[in-house]
Trainee: 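There's a structure below that I have some questions on.
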Protein chains: 2
Amino acid sequence: MDAFSTQTRHGEVCPLDTTLKILDGKWKSIILCHLMQQDLRYTELLNTLPGCTRRMLSLQLSQLITDQIIQKDIDTSFVPIKTSYRLTALGQSLVPVIQAMDQWGTDYIQTLAQDIQD
Amino acid sequence: MDAFSTQTRHGEVCPLDTTLKILDGKWKSIILCHLMQQDLRYTELLNTLPGCTRRMLSLQLSQLITDQIIQKDIDTSFVPIKTSYRLTALGQSLVPVIQAMDQWGTDYIQTLAQDIQD
DNA sequence: CAGGATCCGTGGGGATACTG
DNA sequence: CAGTATCCCCACGGATCCTG
């Protein structure tokens, strides 16, 4: 047992909090949005994240790997090495949830924008 | 415009991150789980959150109010004053998403538990 | 190319005390 | 009862440099 997000932050039983902890991290939301659409290499991912440092990308990726949401594929037949990242089966199962959250966020922003015009 | 969670943490467009920011906070997940089931008063809420200080409860509640997820009802006909908290319409619209996240979290924990036994 | 190590600053959250 | 105010600490994340 090494997935670090199974314990809730407050000690109470709340699977919602487990899900939140897995997704929590400055860049994880966008990383997952991109990996949902296609597998990407480390540098490709970095280029889609302006402002994200290599250190942060590595940290976010390693946490997602620990939580078994994504996996790393290393192609050693190349020099320099090629690595790419893709969703695991567990990660795939999270996609509909992410899409629901993304859709709600879109509606939420839209609703607030309308309120301003009143 | 004072809802503070509409800006993403990284500057990129990602409604998923907006949703995450609204839910982010040590006690918000449980607070929402409880308010989904019934309206609650300040002290009732505090009693359902062992380890949560009054300061933290106030902070989490005020952020949820700012984001228009919950609202506070004050009954001034009583002394001392009675306050209670309940979901707004926007908060209600978030319930299915929360339930999906909670269900996924439950399945996730279950899956990891099975992996250990192999 | 794909990272790891190190140093450091900021803000989220704890402890405690005070108030309408 | 339902909160604020103040002080403080630590972990998250930024900047920079090093490596297989």
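Naming: A, B, ... by sequence-line order, numbering from 1 per chain. Predicted model only: the values in this text are computed from it and were never measured.
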Trainee: Of all the choices, dG3(C), dA2(D), dC1(C), which nucleotide is nearest to the side chain of Tyr42(A) once you look at every atom?
Mentor: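 Between dG3(C), dA2(D), dC1(C), the one nearest the side chain of Tyr42(A) would be dG3(C).
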Trainee: Pick out the pairs of N or O atoms, protein on one side and nucleotides 10-15 of chain C on the other, that lie under 3.5 Å.
Mentor:
| unit_1 | atom_1 | unit_2 | atom_2 | d |
| --- | --- | --- | --- | --- |
| dG13(C) | N7 | Arg55(B) | NH2 | 2.7 |
| dG14(C) | OP1 | Lys26(B) | NZ | 2.4 |
| dG14(C) | N7 | Arg55(B) | NE | 3.4 |

Trainee: Side chain to side chain donor-acceptor pair (under 3.5 Å) with Thr76(B): which residues, sequence neighbours excluded?
Mentor: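 In terms of side chain to side chain donor-acceptor pair (under 3.5 Å), with neighbours along the sequence ignored, Thr76(B) is linked to no residue.
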Trainee: Which atoms of nucleotides 17-20 of chain D (N or O only) lie under 3.5 Å from a protein N or O atom, and what are those distances?
Mentor:
none

Trainee: With sequence neighbours left out, what residues match Gln63(A) under side chain to side chain donor-acceptor pair (under 3.5 Å)?
Mentor: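 Gln63(A) satisfies side chain to side chain donor-acceptor pair (under 3.5 Å) with Lys28(A) once adjacent residues are dropped.
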Trainee: With clusters built from Ile, Leu, Val, Met, Phe, Trp and Tyr whose side-chain heavy atoms come within less than 4.5 Å, directly or transitively, what are the remaining members of the cluster of Ile81(A), listed by chain and number?
Mentor: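 Ile74(A), listed by chain and number.
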Trainee: Starting at CG of Leu64(B) and ending at P of dG3(D), how long is that distance when rounded to a whole Å?
Mentor: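 My rounded result for the distance is 13 Å.
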Trainee: In degrees rounded to 10°, what angle is found between the helical axes fit to the five outermost pairs at each end of the helix from dC1(C)-dG20(D) to dG20(C)-dC1(D)?
Mentor: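 The value is 60°.
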Trainee: Taking any heavy-atom pair under 4.0 Å as a contact, classify Ser58(B): base, sugar-phosphate, or nothing.
Mentor: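 Counting heavy atoms under 4.0 Å across all strands, the contact made by Ser58(B) includes a base.
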Trainee: List, one per line, each side-chain donor-acceptor pair under 3.5 Å for residues 41-51 of chain B, sequence neighbours excluded.
Mentor:
| unit_1 | atom_1 | unit_2 | atom_2 | d |
| --- | --- | --- | --- | --- |
| Tyr42(B) | OH | Arg54(B) | O | 3.1 |
| Tyr42(B) | OH | Ser58(B) | OG | 3.2 |
| Glu44(B) | OE1 | Arg41(B) | N | 2.8 |
| Asn47(B) | ND2 | Thr43(B) | O | 3.2 |
| Thr48(B) | OG1 | His34(B) | ND1 | 3.1 |
| Thr48(B) | OG1 | Leu45(B) | O | 2.6 |

Trainee: Nearest-Å distance, CZ (Arg41(B)) to P (dC1(D))?
Mentor: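 Distance check: Arg41(B) CZ to dC1(D) P gives 8 Å.
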Trainee: Can you check the Leu57(A) CG to dC12(D) P distance for me, whole Å?
Mentor: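 About 18 Å, once rounded to whole Å.
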Trainee: Holding to side chain to side chain contact (heavy atoms under 4.5 Å, CB included), I want the full list of residues that pass it with Ser62(A), two or more places apart in sequence or in another chain.
Mentor: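 Ser62(A): no side chain to side chain contact (heavy atoms under 4.5 Å, CB included) contacts found.
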Trainee: For Asp73(B), give me all partners under side chain to side chain contact (heavy atoms under 4.5 Å, CB included), at least two apart in sequence or on another chain.
Mentor: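 For Asp73(B), the residues satisfying side chain to side chain contact (heavy atoms under 4.5 Å, CB included) (neighbours in sequence not counted) are Gln71(B), Ser84(B), Arg86(B).
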Trainee: Strictly by salt bridge (Lys or Arg N to Asp or Glu O under 4.0 Å), give each pair with a member in residues 92-106 of chain A just once, sequence neighbours left out.
Mentor: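 Sorted pair list comes back empty.
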Trainee: Which whole-number value in Å describes the distance from Leu46(B) CG to dG3(D) C1'?
Mentor: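 Roughly 11 Å, once rounded to whole Å.
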Trainee: Suppose we screen for side chain to side chain donor-acceptor pair (under 3.5 Å). Which residues come up paired with Ser93(B), at least two apart in sequence or across chains?
Mentor: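 Expected list: Trp104(A).
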Trainee: Testing the 3.5 Å rule here: is there a donor-acceptor pair between the side chains of Asp17(B) and Ser29(A)?
Mentor: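 There is such a pair (donor and acceptor under 3.5 Å, judged by atom type) between the side chains of Asp17(B) and Ser29(A).
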Trainee: Mind checking side chain to side chain contact (heavy atoms under 4.5 Å, CB included) for Gln103(B) and listing every partner two or more places apart, or none if nothing turns up?
Mentor: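 If we apply the side chain to side chain contact (heavy atoms under 4.5 Å, CB included) test to Gln103(B), skipping adjacent residues, the hits are Thr106(B), Asp107(B).
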